[in-house]
Amino acid sequence: MKYAYFPGCSLKGTGKAYEESLLPVMKHLGVEMQELDDWNCCGATAYMAVDEGKACAAAARNLAIAEKSGLQQVLAPCSACYLVLNKTQHYLHEYPGMRQTVARALETVGLRCEGTSAVRHPLDILLNDIGLEAVKQKVTRPLKGLKVAPYYGCQIVRPYATFDDQTNPTTMDRLLEALGATVVKWPLKTKCCGGSLTGTLPEAGLRLSYILLKEAIKRGADVIATVCPLCQFNLDAYHPKISARWEPVPIPTVYFSQLMGLAFGLPDNQVVLHRGMIPMKPLAAPAPAAAAAR
Amino acid sequence: MSKPKVAFYWCASCGGCEETVVDLAEDILGVVEKVDIVLWPVAMDFKYKDVAALPDKSIFATLLNGAIRMSEQEELAVLLRRKSQYLIAYGACAQLGGIPALANQFSREQVLKFNYEDCPALANEAKTRPQAQFTEAGRTPHLSQLHHVVRTLDQVVDVDFYIPGCPPTPNLTKAAFEALLSGKLPPKGAVLAPDIALCDECERKATKPTDVAFTEFKRPHQGLWDSGKCFLAQGVVCMGPATRSGCGAACTSGNMPCTGCFGPTSRVRDQGAKMLSSLCSNVAAKDVAGIQQALAGIPDPVGTFYRYGLAKSLLRRRVDLPA
Amino acid sequence: MTKPWTPRIVAFFCNWCTYTAADLAGVSRLKYASNVRVIRLMCSGRVDPQFILDALARGADGVLIGGCHPGDCHYVEGNYKMLRRFELLKRMLVDFGIEPQRVRLEWISAAEGEKVKTVINEMTQQLQALGPLGMPQKFTAWDQELEHLAQAVQARDAAAGPCPTHAAPSPTPEVVHV
Amino acid sequence: MSAKKEELRIGFYVCHCGHNIASMVDCVAVARSVEKLPGVALARDYKYMCSDPGQVLIQQDIREHKLNRIVVASCSPLLHEHTFRGATEAGGLNPFYFHMVNIREHDSWVHTDRQEATEKAKALAEAAIRRVAHHKALEIKKVPIHPDVLVVGGGIAGIHAAMTLANAGKKVYLVEREPSIGGHMAKFDKTFPTLDCAACILTPKMSEVGSHPNITLWTYSDVTKVDGYVGNYTVQVKRKARYIIEDLCTGCQDCIPNCVFKEPKFTDDFNEGLGKRKPVYIPFPQATPQVVVIDPEVCLNFKRGKNPDGSPIVSDKCKKTCVEACGEKNAIDFTQKDELKEIKVGNIIVCTGFKTFDAGRVPAYGYGTYKNVYTSLEIERLVNASGPTGGEVILREGKNPDGSPKTPKSIGIIHCVGSRDKKTNIWCSRVCCMYSMKLAHLLKEHTDAELYNFYIDMRTPGKGYEEFYNKLLEEGTHFIRGRVGEVTDWAMTPEEEGKLVIRVEDTLAGVVRRIPVDMVVLATGLEPQADAGDVRRLFNMSCGGDGWFLERHPKLAPVNTFTDGVFLAGCCQGPKDIPDTVAQAGAAAAEAMVLIDRGYVEQEPNTAFILDQECSGCKSCIPLCPYTAILFDEERKKAYINEALCKGCGTCVGACPSSSIVQNLFEDSEIFSEIEGVLSYD
């Protein structure tokens with residue numbers, strides 16, 4: 001299995017831990033990810049709000065490069081990238097006007113976007129292409145006893161329900177269970193993390209982060225697992241402020257891929273748990289018998 | 001008193017129809033006794049100018065076989081029409097276009113190119129093609145030219161009667177002569193054969209089940225066929241149900257399926273469409289894939305359903321060819 | 001004033017589903033291209049492939065057949081029979097040089113007025129892009145070679161002078177048409 | 001050719017239909033264009049052809065102008081062909097010398113360019129003119145109607161239709177798949193807006209059905225096959241084994257307390273799973289017939305698994321205390337098998353009802369996740385005195401400090417769950433606003449809780465309905481306008497702890513609100529039955545895109561289907577309340593009686609026949625006929641059609657390879673001339 005890999009800016013910056021953990025995990029599962037040559041900004045959600053035409057053109061350039069590469073599947077781990085690329089794909093198919101605008105823009109750089117490639121999320125690929133059975137077979141250190149709150153955020157399920165339910169997604173739940181973890185009942189799976197409001201309107205934005213963290217602790221979670229660099233950042237970076245404004249809610253937030261690496265027994269530098277600001281408690285050592293059996 | 005004048009002529013045909021006239025055997029004597037033959041290129045030496053010299057309508061009946069494929073054939077058809085009281089399309093080619101009309105699937109250029117350049121059995125390095133005219137030693141002979149379209153006789157001139165078949169049977173020919181000479185004629189435009197499909201006289205009819213459901217189709221060379229059983233019951237396309245009878249089921253008696261040379265019954269406008277309809281309706285499958293699989297046994301529907309009737313079909317010819 | 005060319009579609013709709021759906025489209029005041037002319041039959045199974053070829057030969061640029069959805073035929077299975085004919089006819093028409101988009105089979109239930117609209121509009125658009133099939137015009141064009149020849153022969157004969165008419169006319173037996 | 005061909009004199013009429021046609025089609029131009037066609041004796045345009053003067057005009061013209069063919073260009077033949085055939089006949093012509101052109105539904109109503117619409121009308125008219133020249137005089141066949149009626153479904157619609165017919169002296173078979181009739185209505189506590197007790201008004205009707213001499217009641221039965229046509233249907237009914245001989249069971253129910261299971265422990269469907277029942281049970285106290293039923297899935301006297309014929313395997317391992325209790329009545333029969341019955345009826349009324357929307361499909365509302373989220377039907381049972389709690393409203397989860405079950409102090413009712421929602425069902429289920437208010441009233445009465453209704457729009461069109469809404473407002477029930485976003489258990493304040501929080505945008509106040517409640521009621525919408533598709537096929541009906549059975553005409557034939565002799569009543573046709581259901585059931589019964597009392601149906605003479613001289617006996621047509629109407633005469637080696645069995649689809653005609661089959665009204669020559677006609681415009 002080979003996918004075109006669109007990292008986007010976050011995975012090279014604030015969300016470095018996502019890339020650092022996802023790449024080895026995928027490799028471990030025999031998935032080949034070929035980073036797109038000369039990719040550019042996906043346009044992100046902000047650009048879409050300013051100028052849809054230009055935003056689509058920017059995103060479509062990446063799709064065009066993917067088409068040119070001959071790889072029909074584009075793997076976009078960042079939620080914002082995933083949404084924007086998908087949205088562009090939808091616009092190209094549904095609005096002839098947009099198709100023209102984009103075609104004209106791409107023509108100037110000698111590219112064409114037919115809109116034929118599929119934009120895929122890692123969860124989608126793990127569940128539907130690789131399958132949980134294959135994942136389970138790679139688990140050498142089951143996350144027994146680890147209580148995880150699966151946090152999907154908004155962008156991978158809204159507005160497009162591409163591979164999971166919009167209000168109650170379950171793909172990550174099933175993945176975490178396959179890793180041996182306990183998934184806590186957590187009705188805030190797709191609630192807002194505060195998004196960019198944490199920076200612009202902290203009272204509103206941080207409050208949303210605070211609710212998520214508080215509810216996760218209340219429901220007995222040891223850790224929050226996320227799929228989105230912005231969610232991870234919001235839930236991880238503002239503890240001092242939240243603590244000052246409301247109460248301390250010390251719970252770590254990590255990428256699901258980090259938990260996978262952990263369960264696969266990958267080396268620490270591929271699990272990169274040290275990148276989090278709230279440290280995750282070490283797992284209980286595996287029972288000697290179980291360890292011997294491996 | 002002089003005897004009625006009769007002409008035989010051939011256009012684009014194989015000569016088989018002429019054989020039928022000969023196949024009348026001793027009966028031909030009876031015919032010859034009652035008529036004067038004024039034109040019969042295959043057997044006797046007359047010149048066109050002799051015909052041209054005849055007064056209009058002075059020939060009692062002309063039996064013309066072959067499709068109209070060349071300019072010369074058309075010219076003669078027009079001439080003979082003018083000279084004849086009755087013009088009879090004799091045989092499948094004159095009636096329906098016949099085998100020559102299968103060329104209506106190709107353009108004139110394709111036909112010429114294949115026959116004078118690409119045909120594997122050909123030695124024509126100069127790629128010489130027939131010319132309409134050329135000058136040699138100060139003389140300029142004109143040659144007949146290939147038309148773009150192969151036509152039935154009635155697509156060129158008015159036709160009074162049709163005698164079907166590839167070739168027509170001696171019996172039908174004899175009966176037609178008798179009718180002509182006795183004056184007991186059906187209405188103009190009639191086909192001088194029974195107006196009922198071939199199954200009526202096919203001995204295999206009784207073996208066709210009433211619940212046929214096709215799962216596959218076979219072509220005659222793809223198997224050995226039960227010589228007593230309906231071909232359709234064996235999955236072999238037999239045009240009998242869509243073809244006029246009158247041949248005495250000659251092909252099925254010889255263990256070959258009917259290929260449709262007698263053309264459709266009078267009620268049908270397009271023989272191929274009707275045969276297609278009948279066969280397909282009785283395919284067993286209900287899903288597109290299953291249907292396509294069953295019908296894959298008919299790889300060339302045009303050649304199968306319009307083997308003789310393409311020129312006379314509703315579309316006449318492949319539609320995207322030049323005129 | 002010459003009107004710009006627009007395609008002509010002859011439609012054969014079954015009485016129970018598609019014709020009723022077209023009535024529903026009317027009752028719902030849906031708007032669609034006026035290029036289609038509907039002929040009502042009781043069942044899509046009645047659609048004789050001759051009708052389709054005849055329509056094309058007489059100047060239709062496309063033929064649309066509408067029947068009940070598979071399993072819903074008012075006459076149990078008439079629509080399957082049409083589907084089977086359609087599958088081979090489509091292939092045969094390609095051999096005749098006719099684009100497959102020109103003949104279309106659609107399952108439209110009595111409730112799908114909206115589908116009548118979309119299918120007709122879509123087909124009109126497709127045919128517009130394909131351009132006219134124009135069989136009657138083609139027939140005329142094909143037969144021009146006959147006229148050219150006739151003119152040439154006439155000219156030649158005229159040059160050669162009148163036909164000698166010395167031969168006696170053939171005796172004609174009395175004709176009784178039976 | 002027989003007699004000399006009669007000269008063609010066609011009369012053509014184009015109808016303005018007020019402005020319906022005339023506004024988009026130049027009717028005068030159409031008449032002028034048709035006038036010039038060969039065979040046309042006169043062409044007129046007229047305001048309303050279907051009116052009496054319009055019809056009289058045709059009749060007069062036939063006489064005065066010696067017309068022998070009539071063409072009317074107006075609306076759909078499905079609407080008025082009958083009318084104009086009548087006028088043609090009244091004028092002294094055979095009615096089949098008439099043909100109709102649809103220039104309203106197929107032209108003026110669907111096009112926007114007057115010139116194009118007029119051209120189209122001309123072409124369609126020319127096609128009809130050419131076609132009608134080929135028409136032949138035909139005779140209408142009259143087929144007698146079997147006077148018995150089948151009513152499918154024993155809810156309030158089926159009960160009312162069956163009673164209406166039976167009281168008029170007609171014999172009725174009422175087939176119900178559950179062990180008792182009563183349907184959804186039997187589960188309701190009270191009915192809106194009058195708040196009369198559902199059982200009080202329904203059960204007398206139920207027992208009347210059970211004892212009516214003209215009604216054969218078959219419960220626990222399925223219709224498995226329907227053959228035939230209007231007036232002459234042959235129906236196969238499967239009477240499922242209930243392991244009780246109905247005639248011997250007196251309804252004493254002694255077997256139930258004596259079952260080896262001392263406590264009821266199996267899900268009680270009638271109580272929406274809120275209660276339990278035993279393997280031998282009666283669905284509810286007023287069940288009709290008063291006959292118990294044994295569930296072989298859980299009864300100990302059966303083994304798991306099935307016999308080769310699909311019936312359960314009797315183990316005979318149980319002590320059979322029930323048989324002992326039944327005693328001499330001997331009504332219990334463990335060897336009973338499904339039984340197939342065949343009946344003949346002339347008409348069928350389909351009243352198969354609805355199912356409620358599966359609330360689990362909207363995960364945001366927490367049904368199945370939070371125990372104290374209920375569906376409306378569960379509440380109906382909960383507030384019902386004969387329900388699983390005896391009418392006491394207690395929560396599924398949570399106890400009082402003393403260990404007793406908790407009663408809700410605050411209740412939220414969420415409207416439009418599975419209705420008016422693109423993600424689930426787009427239609428309005430029509431009854432939810434009203435029943436939600438009814439439940440609000442009943443819940444308040446039972447618990448004195450704070451009641452909140454969350455609605456998108458209040459829809460109360462009905463006699464006394466708006467008044468009921470006003471009454472609720474006065475009672476102090478809160479109405480909050482807004483579609484609820486979610487039901488959740490995460491608390492933001494101490495007051496919310498331990499409660500269900502309803503998050504909603506209050507669109508009147510313009511704020512997002514969080515309302516903590518103890519109980520959430522989801523007003524689930526109505527959906528077509530899960531097997532509506534199979535039922536539709538069984539009775540040869542149509543379904544709308546939404547899955548409800550389709551009536552022949554939404555206004556003029558609301559209980560008819562496209563199949564003659566099959567009628568609809570109740571929610572199987574679309575959501576409706578009890579008054580409308582009963583009205584529709586009465587209408588369906590009346591429609592059936594129209595046919596029964598007339599005694600015969602007229603059959604469209606569009607049957608096919610084989611030209612005997614021309615048939616070669618190729619047998620291609622024989623397997624094509626779904627009605628086995630085509631037979632082979634072995635002696636003459638030709639096929640022939642049994643006209644009585646032919647339904648007139650024309651499939652054999654389309655397939656006859658030598659065109660030796662002719663379909664009346666749809667002859668090849670008629671259709672070819674129509675093709676020529678529609679393509680005649682420039």
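Every chain is numbered from 1, with letters handed out A, B, ... down the list of sequences.
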Less than 4.5 Å to any heavy atom of chain D: does that hold for the side chain of [X], its backbone, both, or neither?
X	result
B:S277	both
B:N282	both
B:P209	backbone

Around atom [atom1] of [X], are there more than 12 heavy atoms from other residues, nucleotides or ligands closer than 6.0 Å?
X	atom1	result
B:Q293	CD	no
B:E203	CD	no
D:K225	NZ	no
B:R219	CZ	no
D:E342	CD	yes

Passing option when B:R267 is tested against D:D668, D:L611, D:V662 for side chain to side chain contact (heavy atoms under 4.5 Å, CB included): D:L611

Can you tell me how far the [atom1] atom of [X] sits from the [atom2] atom of [Y], to the nearest 0.5 Å?
X	Y	atom1	atom2	result
D:C618	B:L232	SG	CG	8.0 Å
B:D211	D:T628	CG	OG1	13.0 Å
D:S669	B:R269	OG	CZ	8.5 Å
D:K637	B:E201	NZ	CD	16.0 Å

Counting heavy-atom pairs closer than 4.5 Å to chain D, which one of B:S245, B:A242, B:A206 comes out on top? B:A242

Contact origin within D:Q613 toward chain B - heavy atom pairs under 4.5 Å: backbone

Under 4.5 Å from any heavy atom of chain B - which part of D:C615: backbone

May I ask you to test the B:P241-D:K619 pair for a side-chain heavy-atom distance under 4.5 Å? no

Could you tell me if the side chain of D:S658 sits less than 4.5 Å from the side chain of B:K274, heavy atoms only? no

